[in-house]
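Report on the following structure.
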Amino acid sequence: MARRVSRLGRNFFERDVLEVAPDLIGRVLVRQFEDGSEFRARIVEMEAYRGEEDLACHARFGKTERNKVMYGKAGVVYVYLIYGMYWMLNFVTGKADEPQAVLVRGVEGMIGPGRLGKQLELDGGFYGEDLVKSKRLWVENCNDEKLEIEATNRIGIGYAGEWARKKWRFVAKNC
DNA sequence: ACAAAGATCCGT
DNA sequence: CGGATCTTTGTA
């Protein structure tokens, strides 16, 4: 049965972040630039950030100006500048008022969240971008064989105590 | 108002 | 291993 390549819809992102994060491995991240060119690559590394109780999550201090989009509807983009240099790409997941997001840490040929943000030419203008409707950034299904997924500790969050030991980083095994 | 830290990367 | 570079956050 012919099934068109399709963009992931709202319902995909409305599930719990621990379900969505591994499910995004192997899907295709698409970025269309102003000049008509396109960046397209399979996602191979994701990290889950889940709720105010997760001390590694930006929602650990409650709702703020920066993280408020995480409290809204799923399927929109949460970007923020880290170390004054790198734009980090996240997707909001779960129900409204449940602050969750997945950080895109790497795609095929472009590993590292900071480098990816640079390659995609992200900036504050992507804050709140809706992946379901956007003309410049979205995620598509992939018909290729499924990748084997490994779960490990999250990177760069050593300050989070117990939460640093959660295996909430999902990475394709052959990468 | 201020100071400290940060979901990183690069060059030495 | 330290510097770049600047926004966010709690009050160190």
Side-chain angles (χ1 to χ4, degrees), chain A residues 8 12-13 15-27 29 31 39 41-131 137-139 147 149-173 175:
Chain A
L8 300 183
F12 181 94
F13 297 98
R15 297 171 294 152
D16 190 276
V17 70
L18 293 178
E19 212 176 311
V20 177
D23 202 0
L24 278 167
I25 301 295
R27 313 257 178 196
L29 178 66
R31 165 81 165 102
F39 177 92
R42 281 197 299 177
I43 294 170
V44 296
E45 186 178 351
M46 297 296 290
E47 261 176 16
Y49 289 86
R50 188 173 186 274
E52 295 181 348
E53 64 274 17
D54 176 5
L55 295 182
C57 183
H58 284 170
R60 63 186 175 277
F61 299 126
K63 194 174 187 174
T64 66
E65 193 59 28
R66 175 171 71 161
N67 68 28
K68 62 184 179 186
V69 73
M70 279 202 278
Y71 289 78
K73 72 179 171 188
V76 310
V77 170
Y78 167 43
V79 285
Y80 64 90
L81 187 66
I82 190 70
Y83 298 114
M85 271 174 272
Y86 303 106
W87 287 98
M88 310 291 269
L89 175 62
N90 299 253
F91 305 148
V92 174
T93 68
K95 297 173 189 159
D97 294 323
E98 288 179 353
Q100 308 183 337
V102 279
L103 166 65
V104 186
R105 293 191 54 90
V107 300
E108 280 180 322
M110 184 54 58
I111 302 301
R115 289 156 150 181
L116 181 65
K118 187 177 177 190
Q119 174 87 30
L120 298 180
E121 297 177 20
L122 300 181
D123 59 31
F126 281 83
Y127 190 87
E129 184 89 0
D130 192 346
L131 294 168
L137 187 64
W138 64 89
V139 185
L147 300 170
I149 299 170
E150 193 175 3
T152 79
N153 289 359
R154 289 174 290 179
I155 308 293
I157 49 123
Y159 58 82
E162 297 282 320
W163 297 87
R165 294 198 274 281
K166 301 278 184 191
K167 307 296 187 218
W168 287 357
R169 169 173 174 258
F170 304 94
V171 53
K173 260 190 177 171
C175 287

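Computation of the quantities below employed the complete heavy-atom set of this structure, encompassing side-chain atoms and omitting hydrogens, waters and symmetry-equivalent molecules. Note that the structure is predicted; figures quoted are calculated from it, not measured.
Residue A:M88 is classed as a sugar-phosphate contact, given heavy-atom separations below 4.0 Å to backbone atoms only. If you check every strand for non-hydrogen atoms under 4.0 Å, A:R154 touches nothing. Base engagement by A:G84 is indicated by at least one non-hydrogen atom pair under 4.0 Å involving a base atom.
A 3.5 Å limit on both hydrogen-bonding distances identifies no Watson-Crick or G-U partner for C:dT5.
Atom CZ of A:R165 and atom P of B:dA7 are 18 Å apart (whole Å). In this structure, OH of A:Y80 is placed 4 Å from C1' of B:dA7, rounded to the nearest angstrom. Put simply, NZ on A:K118 is 13 Å from C1' on C:dA4, counting in whole angstrom units. Distance A:M110 CE to B:dT8 P: 16 Å, rounded to the nearest Å. Following rounding to the nearest Å, A:E45 (CD) and B:dT8 (P) show an atom-to-atom distance of 10 Å. At whole-Å resolution of the value, CE in A:M85 and P in C:dT8 are 15 Å apart. Residue A:I82 contributes atom CD1, which lies 12 Å from atom C1' of C:dT9 at whole-angstrom precision. One can place NZ of A:K68 at 11 Å from P of C:dT9, the figure rounded to the nearest angstrom.
The side chain of A:F61 lies closest to C:dT9, out of B:dG6, C:dT9, C:dT7. Out of B:dA7, C:dT5, B:dC9, the shortest distance to the side chain of A:P113 is found at B:dC9. Taking every side-chain heavy atom of A:Y86 into account, B:dC9 is the closest of B:dC9, C:dT7, B:dA7. Ranking B:dA7, C:dT7, B:dC9 by closeness to the A:Y159 side chain, first place goes to B:dA7.
Of the side-chain N and O atoms in A:H58, none sit less than 4.0 angstrom from OP1 or OP2 of C:dT8. Contact annotation: A:T64 reaches the phosphate of C:dT9 (side-chain N/O to OP1 or OP2, under 4.0 Å). The phosphate of B:dA7 (OP1 or OP2) has no side-chain N or O of A:R169 nearer than 4.0 angstrom. Residue A:R105 places at least one side-chain N or O under 4.0 Å from the OP1 or OP2 atom of B:dT8.
For the atom pair A:M88 CE and A:H58 NE2, the distance stands at 8.0 Å (nearest 0.5 Å).
Electrostatic pairing of A:E47 and A:R154 does not count as a salt bridge here, judged by no charged N lying under 4.0 Å from a carboxylate O.
The closest side-chain heavy-atom distance from A:V139 to A:F12 is not below 4.5 Å. Taking the side chain as every heavy atom from C-beta outward, A:F91 and A:V104 approach each other to under 4.5 Å.
Between the C1' atoms of C:dA12 and C:dT8, the separation comes to 15 Å (whole Å). Across the P atoms, C:dG2 and B:dA5 are found 15 Å apart, a figure rounded to whole Å.
Between the side chains of A:E52 and A:Y71, at least one donor-acceptor pair of N or O atoms lies under 3.5 Å. Side-chain contact of A:K166 with A:N153: a donor-acceptor pair under 3.5 Å is absent, judged by distance alone.
Both A:L81 and A:L116 lie near DNA chain B, and the one whose nearest nucleotide falls closer to the 5' end is A:L81.
Stacking of A:Y83 onto the six-membered ring of B:dG6 is not present when judged by under 5.5 angstrom between centres and under 30° between planes.
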